[in-house]
Amino acid sequence: MTRSWWMTAQLILFAAVVAAPAVCRAVDLGISSDTIVRVYERDDRNGRGRSLLPVYEFMRLDYGSVTTPGLSLHAYGWGRLDLRDSHEDGDAEGDLLYAYLEYIDPDRDHQVRLGRQYLFEGVMRESFDGLYARTELVPTVALSAFAGMPVGAGSAAGRSGDLVYGARIVQGQRGRYDAGISYKYVANDGSRSEELLGADLSLSLPAGVSMFAHSTLNLLTGGWGEHSYEARIPFASMEFRPFYQRYRYSDYLNDRSGASRPFRFQTVLGDRVEIVGAEGFWYPTESVEFGGRYKYLTYDSRFGNAHMATALATVRRGIFSEAGLEFGRVQGDLAENRYYLGRGYLYGDFTPWFATGDVTYVRYDRAIYGENSAFFVSAGVGRKMPDPALSFKLSVDYSNDPYFHKDYRGTLAVTYAFRR
């Protein structure tokens, strides 16, 4: 258990005890649990096999009124235990994803959150332990700010110098437009690790047309890390969505010591990628949908260029049942980016039972590691128990691709949702 996790837990527990009398006047209690047991049997192309039996538990708690403003408590975490590993002894790990107290005033003009939380506003896309506040300065202007300790920063040299803070101001009119400017600063072990400035805009135009845009400037490198623009244009029973995106990894992702690491290696490559394309949808009836997507990707040094085109069709029955087909072509400069793709899926609701199925087939123009294709199939069945809070699903997956000769997976998922 990390020092940051323990400090957050103590803070939330203390605040919850202090606030309990106020909360208990009229509260709702919600507890949900997702228990997932998976079985893996995997053979790679070198003939090595591996057998895994991990058990996952995802637990969520919400305490407070869900219909009226006021004080509430929210927490979510996960744990994993490896019961069998043909290469290593069993291992266990877990994490507290969020745990915070939230207050919303009766007029919903002010909001405060205290604890571990996720934030997605402008360039403020952060998991941190600390304080977040939002207020309406005037009916058309809102200001939000946060400060605390970043969850993803490295701890090799201690956490005493770790800090993250930021703010966003937005001006707009409900149902017409929103324009925002945001800022984020991150320090790791006392040194500046990340500093971003961003702008975002959303417009609702006549005839149902809407537009979205945002850009991010890296103040450490002086370069633009991201530009993204999208429009949605409805016409009769159709909708057209053109878009443009540009990323430069050396400016978009943080490669400094202590940075969050999932994509840290990417920044060393210095790649820039541009994506331009469009997607369109036709809805001849409420239960039938046809669509098409096209993307053109340009990499400056690593992957070359690639065209991606996809056609799809979807049929729905009732509220939950759905089936779809998809066929696509990728035409790129590299061999692994030249292939045809076909996919079919279904979800059938036969209350209290439900069934799922998914098949994907990829045919490469040129063999990769001696294989010309990749195949994946999945089938599942589940049931909602007489107690509506309980349900389960059992699924079996099989895949064969250039990287794994045979990959079998079985999953048992049990969901329990309690509310009082």
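We're numbering straight along the sequence, starting at 1.
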Once the angle between the rings of Tyr98 and Tyr100 is folded into 0 to 90°, is it parallel (under 30°), tilted (30 to 60°) or perpendicular (over 60°)? tilted
Could you tell me which residues satisfy side-chain hydrogen bond (donor to acceptor under 3.5 Å, both in side chains) with Asp178, sequence neighbours excluded, listed by chain and number? none
Using modelled atom types only, decide if a donor and an acceptor are shared between the side chain of Glu239 and the backbone of Trp282 within a distance under 3.5 Å. no
Give the C-alpha distance, both sets of side-chain angles, the deciding distance and a yes or no for side-chain contact (heavy atoms from CB on, under 4.5 Å) between Asp358 and Arg343. CA-CA 7 Å; Asp358 199 325; Arg343 178 176 179 249; 2.8 Å; yes
Out of Phe128, Tyr165, Tyr185, which one pairs with Phe146 under the ring pair (Phe, Tyr, Trp, His ring centres under 6.0 Å) rule? Phe128
Short side-chain to backbone donor-acceptor contact, Ser191 and Asn188, under 3.5 Å: yes
Salt bridge (Lys or Arg N to Asp or Glu O under 4.0 Å) with Arg38: which residues, sequence neighbours excluded? none
Is the closest basic N to carboxylate O distance between Asp95 and Arg116 below 4.0 Å? yes
Does anything in residues 51-60 form a salt bridge (charged side-chain N to carboxylate O under 4.0 Å, His left out)? List the pairs, not counting sequence neighbours. Arg60-Asp62
What do you reckon, are the aromatic ring centroids of Phe212 and Tyr229 less than 6.0 Å apart? no
If every non-hydrogen atom of Phe392 is compared with every non-hydrogen atom of Phe354, which pair is closest and at what distance? O-CZ, 3.7 Å
I would like to know whether Tyr398 and Phe376 meet ring-ring contact (aromatic ring centres under 6.0 Å, His included); could you show each step before the answer? CA-CA 6 Å; Tyr398 169 79; Phe376 170 82; 9.0 Å; no
Verdict with reasoning, His307 to Tyr294, per side-chain contact (heavy atoms from CB on, under 4.5 Å): CA-CA 7 Å; His307 299 265; Tyr294 171 78; 2.7 Å; yes
For Phe243, is the CZ atom crowded, meaning more than 12 foreign heavy atoms sit under 6.0 Å from it? yes
Where do Phe320 and Glu322 land on the side-chain contact (heavy atoms from CB on, under 4.5 Å) test, with the steps shown first? CA-CA 6 Å; Phe320 301 109; Glu322 179 177 320; over 6 Å; no
Applying salt bridge (Lys or Arg N to Asp or Glu O under 4.0 Å) to Arg329 and not counting sequence neighbours gives Asp365
Anything under 3.5 Å between a donor and an acceptor, one on a side chain of residues 166-176, the other on a protein residue two or more places apart or in another chain? List them.
residue, atom, partner, partner atom, Å
Arg168, NE, Asp200, OD1, 3.4
Arg168, NH2, Asp200, OD2, 2.7
Gln171, OE1, Tyr177, OH, 2.8
Gln171, NE2, Tyr177, OH, 3.1
Gln173, OE1, Arg176, NH1, 3.1

Taking Arg108 for its side chain and Asp105 for its backbone only, find out whether a donor-acceptor pair lies under 3.5 Å. no
Apply side-chain contact (heavy atoms from CB on, under 4.5 Å) to Lys393 and Ser391, showing your working. CA-CA 7 Å; Lys393 178 185 176 182; Ser391 65; over 6 Å; no
Nearest heavy-atom approach of Arg113 to Glu102 is CD-OE2, 3.5 Å
Any idea which heavy atoms bring Pro54 and Asp82 closest together, and the distance? CB-OD1, 3.4 Å
Step by step, work out the ring-ring contact (aromatic ring centres under 6.0 Å, His included) result for Tyr403 and Tyr369. CA-CA 8 Å; Tyr403 307 98; Tyr369 298 121; 5.7 Å; yes
List for me each residue that meets side-chain hydrogen bond (donor to acceptor under 3.5 Å, both in side chains) alongside Glu230, sequence neighbours excluded, and say none if there are none. Arg232
The residue among Leu217, Leu196, Leu197, Asn218 that forms side chain to side chain contact (heavy atoms under 4.5 Å, CB included) with Val123 is Leu196
